[in-house]
Every structure is written in structure tokens, then in C-alpha cells.
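All values below were derived from every heavy atom in this structure, side-chain atoms included, with hydrogens, water molecules and symmetry-related copies excluded. Positions are given from 1 along the sequence.
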Amino acid sequence: MDATITPAAILAEQLAARGLYVTYRRQHAVSVVNPLHPGLGETVTAHADRYLTEDGYEIGEHGDEHATADRVVFLLGLPRVVVADGRKATR
């Protein structure tokens, strides 16, 4: 078994932490769905040093999975709320 953590696995963890449903498609791809609107989904692929949507749009880069996950949350319309310390968080 390969113990290497792929960039897609790191991104998947970040997406799940934000409340999206995540399904692994391949070693370098994950499908994500907004649980509030199951018809809204996207497949994100790790390609070279970038993350791409299924339509080929660059949505982030490896090493910045936190910001990439935030972009995917925005793309899929998941609501965000402001927490007590002023930071934004998803619900």
C-alpha cells in the first residue's frame, strides 16, 4: 500500500471539513456536492501543480488547499457565516 498522501486527498479533507460531500473518483480527482443542493456539484482534478474543475478552469494550486477549498465552497454556493472572532466559516 502506498502511504503517500496525494494533493487530491489533502483537498478532499479540506472540502469535507467545510461541509461538502466528497467522493474520490481517481487518485488525482474528487467529486464534491453541496449537501443543501445535491444538483450542484463539481469534479476537481489535481493536474501538474494546479487544481482544475471539470471544465478545465484553474481553481487553485497545490500547497494552498485551504484557499482552493474556499473557492470550491463559493463555486457551489454553500452558505458562509461569520463566527465570533470575525472570521468567516461555513455552516
Using distance only, find each side-chain donor-acceptor pair of residues 71-79 under 3.5 Å and give its atom names and separation, not counting sequence neighbours.
residue, atom, partner, partner atom, Å
R71, NH1, I59, O, 3.2

Here the ring-ring contact (aromatic ring centres under 6.0 Å, His included) pairs for residues 27-73, sequence neighbours left out, are Y51-H62
Taking Q14's backbone N and O only, do any of them form a donor-acceptor pair with R18's side chain (distance below 3.5 Å, no angle check)? yes
Look only at the side chain of E42 and the backbone of E54, and say whether a donor-acceptor pair between them is shorter than 3.5 Å. yes
What's the verdict on side-chain contact (heavy atoms from CB on, under 4.5 Å) for V44 and L52, showing C-alpha distance, side-chain angles and the deciding distance? CA-CA 6 Å; V44 179; L52 304 175; over 6 Å; no
One should read off an interatomic distance between L15 CG and D70 CG, to the nearest 0.5 angstrom, of 9.5 Å
Quick one about T43 and S31 (side-chain donor to acceptor, distance below 3.5 Å, no hydrogens or angles considered), yes or no? yes
Please check if the number of heavy atoms outside E13 that lie under 6.0 Å from its CD is greater than 12. no
Are more than 12 heavy atoms, taken from residues, nucleotides or ligands other than Y21, located less than 6.0 Å from that residue's OH atom? no
Nearest heavy-atom neighbours spanning A12 and V30: CB-CG1, 3.9 Å
Distance from D64 atom CG to I10 atom CD1, nearest 0.5 Å? 12.0 Å
Contact summary for A8 and Q27, nearest pair of heavy atoms: CB-O, 3.7 Å
Between T45 and A29, what is the shortest heavy-atom contact and its length? OG1-CB, 3.9 Å
